[in-house]
There are 2 protein chains.
Amino acid sequence: MRVLIVEDDDILRDGLKVGLALAGFTTDAVATRESAEAALAAGSFDAVVLDLMLPDGSGTDVLKKLRDARNDTPVLLLTARDTVADRVSGLDMGADDYLGKPFDLDEVAARLRALARRSAGRSTALIEWATIRLDPARQSVEKAGTPVRLSRREYAVLHALMSQPGAIFSKATLEDKLYGWQEEVESNAVEVHIHHLRNKLGPGLIETVRGIGYRLGGDS
Amino acid sequence: MRVLIVEDDDILRDGLKVGLALAGFTTDAVATRESAEAALAAGSFDAVVLDLMLPDGSGTDVLKKLRDARNDTPVLLLTARDTVADRVSGLDMGADDYLGKPFDLDEVAARLRALARRSAGRSTALIEWATIRLDPARQSVEKAGTPVRLSRREYAVLHALMSQPGAIFSKATLEDKLYGWQEEVESNAVEVHIHHLRNKLGPGLIETVRGIGYRLGGDS
DNA sequence: GCGCTACCTTAAGGCTGCCTTAAGGGACGT
DNA sequence: ACGTCCCTTAAGGCAGCCTTAAGGTAGCGC
């Protein structure tokens, strides 16, 4: 947990630095807007404690430049001007939290922990096989980077196959994944969907294991 | 943006409900710990406003049970006991923000917006996609720089879609975000709103994924 | 090589789900 | 109280998907 402190008042800055260090944070502290932007451009921080009143500009400029650079680091604003309007505008400007002076060190630390906790852990579970990429969250499929439009059944078949790459799925198993118990099907529907998938994704991806079923094949 | 309000004081609860509705949130309000836990187990909310003092238990119990269930919904604590120790313990218990009474409705709304956008993985207040720009704070929308007048429902649908660009939202999911529990709808209202949005924002923005739902499409 | 079986391919029909339009009612402001 | 806007509901039409079915093709045993 590395935190950048931007605060021009020497006493406050040192207090924050010591207090947050005690709370287990690694801290870097700067006093001006310019050095703040330099630090943010140079290093990567897990959070920023940002005073709004700086000698060479406003903290909002720092915040705006940070967001414009597509930097998502959580920012906790700190300010003496503590009206509701200030808070609202600060938050809507892209800050994640707002504290008015005087503040309590323990609370600053607690709010930083909350911000860090929230910003951590955002993972997407993509399934990849050969040049095919399947995104379960978006129910979308790409082949070598270009999106492929699949119908619902086609997607369901592919999703089943890719859920266990290399494993063999019988037609009966695939039907179970495609249809509810009430809508049993008596035809070669699965074969047709496989055929459509091969048309859209190219040959060699879906292998036929004669007499048993289908599986992802070719290379890995 | 659907928000659960947990507050036992009738006047405060109604005030929150009205105020947040004005700020563009869809709200459900409950007064007890038990009904709060039931609501959280049943529905999916984008955020929770949680009073700590409830007649049949503490809000911390609700929060703890929520986190134990691996539910990451952002929680904004609300309380009369406003000491630093309370705030710290609340935040460290898994809350994402903390406001002491008396609070300002605008600030509650602003903090909820901040929580929601951070929870969605965004850092900037404005959401942009293709030529569309949406400002959650002002509930305004622009297409290629020129403002577009959207009704409340239309805005809500668009906001939901833009909160996760590219992700697919089923009609059921969109209804969840548009309507509270008491105002369930049994019709094709969502389809009609989508249609109106397409008229106002141009074709190609909202894609239909047949049998699954809608999403923002085309380019980025 | 022959026949059998399992699978592939193609096309057509039915059906589900979505789009579009329009009308009625309710909320809100004037 | 009236007008306006918006929201919901409902019905008709259309498009795309899914299934079915029939004929063709490749593997396998004899």
Side-chain angles (χ1 to χ4, degrees), chain A residues 139 141 148-161 168-180 182-217, chain B residues 17-19 21-22 24 26 139-141 147-161 168-217:
Chain A
Q139 303 207 34
V141 174
V148 178
R149 274 188 67 93
L150 296 185
S151 75
R152 187 167 39 159
R153 301 292 198 202
E154 289 160 6
Y155 174 84
V157 171
L158 183 64
H159 182 65
L161 290 175
I168 301 179
F169 293 82
S170 70
K171 269 186 287 192
T173 305
L174 289 176
E175 282 175 5
D176 279 355
K177 292 193 180 298
L178 287 189
Y179 307 99
Q182 308 162 19
E183 36 176 347
E184 278 307 315
V185 70
E186 191 62 36
S187 81
N188 59 351
V190 170
E191 293 175 13
V192 177
H193 293 311
I194 292 278
H195 177 229
H196 290 152
L197 278 175
R198 282 173 172 155
N199 281 345
K200 292 184 178 178
L201 300 176
L205 177 73
I206 301 177
E207 275 184 1
T208 302
V209 184
R210 190 181 170 81
I212 302 181
Y214 301 92
R215 71 169 168 193
L216 294 189
Chain B
K17 196 165 167 55
V18 172
L22 220 66
T26 302
Q139 300 189 54
S140 67
V141 175
V148 178
R149 258 187 72 92
L150 295 185
S151 73
R152 194 174 37 165
R153 300 294 196 200
E154 289 161 5
Y155 172 83
V157 171
L158 184 64
H159 184 211
L161 290 175
I168 300 180
F169 293 83
S170 71
K171 270 184 289 192
T173 305
L174 290 175
E175 283 174 4
D176 276 355
K177 291 194 182 296
L178 288 188
Y179 306 98
W181 279 118
Q182 305 160 20
E183 37 175 351
E184 276 307 316
V185 69
E186 190 63 36
S187 81
N188 58 353
V190 171
E191 293 176 14
V192 177
H193 294 311
I194 292 277
H195 179 227
H196 290 152
L197 279 174
R198 282 174 172 154
N199 282 345
K200 292 184 178 177
L201 301 176
L205 177 72
I206 301 177
E207 273 185 4
T208 301
V209 185
R210 190 184 169 83
I212 302 179
Y214 301 92
R215 71 169 160 201
L216 294 190

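Per chain, numbering begins at 1; letters A, B, ... match sequence-line order.
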Between N or O atoms, less than 3.5 Å apart, protein on one side and nucleotides 11-13 of chain D on the other: list the pairs.
unit_1	atom_1	unit_2	atom_2	d
D:dA11	N6	B:N188	ND2	3.1

Quiz prompt | Working for side chain to side chain contact (heavy atoms under 4.5 Å, CB included), residues A:I168 and A:T173 | solution = CA-CA 10 Å; A:I168 301 179; A:T173 305; over 6 Å; no
Quiz item: Expressed in angstrom and rounded to an integer, what is the separation of A:R198 atom CZ from C:dT10 atom P?
Solution: 13 Å
Quiz item: Rounding to a whole Å, what distance do you find between B:E207:CD and D:dG16:C1'?
Solution: 15 Å
Self-check item: Residue pair B:A189 / B:S187: nearest heavy atoms and the distance that separates them
Solution: N-OG, 3.1 Å
Exercise. Report the C-alpha distance between A:L201 and A:L158 in whole Å, list the side-chain angles of each, state the deciding distance to 0.1 Å, and finish with yes or no for side chain to side chain contact (heavy atoms under 4.5 Å, CB included).
Key: CA-CA 10 Å; A:L201 300 176; A:L158 183 64; 3.9 Å; yes
Quiz prompt | Whole angstrom value for the distance that separates P of D:dC7 from CD of B:E154 | solution = 6 Å
Quiz item: Donor-acceptor pair, B:K200 side chain versus B:R149 backbone, under 3.5 Å?
Solution: yes
Exercise. Side chain of A:H195 only, please: which of C:dC7, C:dT9, D:dC18 is the nearest?
Key: C:dT9
Exercise. Please check if the side chain of A:R153 supplies one atom and the backbone of A:L178 the other of a donor-acceptor pair under 3.5 Å.
Key: yes
Quiz item: A:H196 NE2 to C:dT9 P: how many Å, rounded?
Solution: 10 Å
Self-check item: side chain to side chain contact (heavy atoms under 4.5 Å, CB included) evaluation trace for A:Q139 with B:I212
Solution: CA-CA 9 Å; A:Q139 303 207 34; B:I212 302 179; 3.3 Å; yes
Quiz prompt | Phosphate OP1/OP2 of C:dC8 contacted by A:T208 side-chain N/O (<4.0 Å) | solution = yes
Self-check item: Atom-to-atom span, CG of A:L150 to C1' of D:dG16 - whole angstrom
Solution: 15 Å
Quiz prompt | Residue closer to the 5' end of DNA chain C, A:Y214 versus A:R152 (nearest nucleotide) | solution = A:Y214
Quiz item: Should we count CZ of B:R198 as having more than 12 external heavy atoms under 6.0 Å?
Solution: yes
Quiz item: Is B:R149 near enough to D:dC5 that one of its side-chain N or O atoms lies under 4.0 angstrom from OP1 or OP2?
Solution: no
Quiz prompt | Under-4.0 Å side-chain N/O to phosphate OP1/OP2 contact, B:Y179 with D:dC7 | solution = no
Quiz item: Which residue, B:V192 or A:K171, contacts DNA chain C at a nucleotide closer to its 5' end, judged by nearest heavy atom?
Solution: A:K171
Quiz prompt | Separation of atom CZ in B:R153 from atom C1' in C:dA27, rounded to whole Å | solution = 12 Å
Quiz item: Just how far, in rounded Å, is P of C:dT20 from NE2 of B:H193?
Solution: 15 Å
Exercise. Let me know the distance between CG of B:L197 and P of D:dC7, rounded to the nearest Å.
Key: 10 Å
Quiz prompt | B:S151 side-chain N/O to D:dC5 phosphate OP1/OP2 under 4.0 Å | solution = no
Exercise. Classify the nucleic acid contact of A:R210 as base, sugar-phosphate or nothing, counting any heavy atom under 4.0 Å across all strands shown.
Key: base
Practice problem: When you get a sec, tell me which of D:dC18, D:dT9, D:dC7 is the closest nucleotide to the side chain of B:S187? | Solution: D:dT9
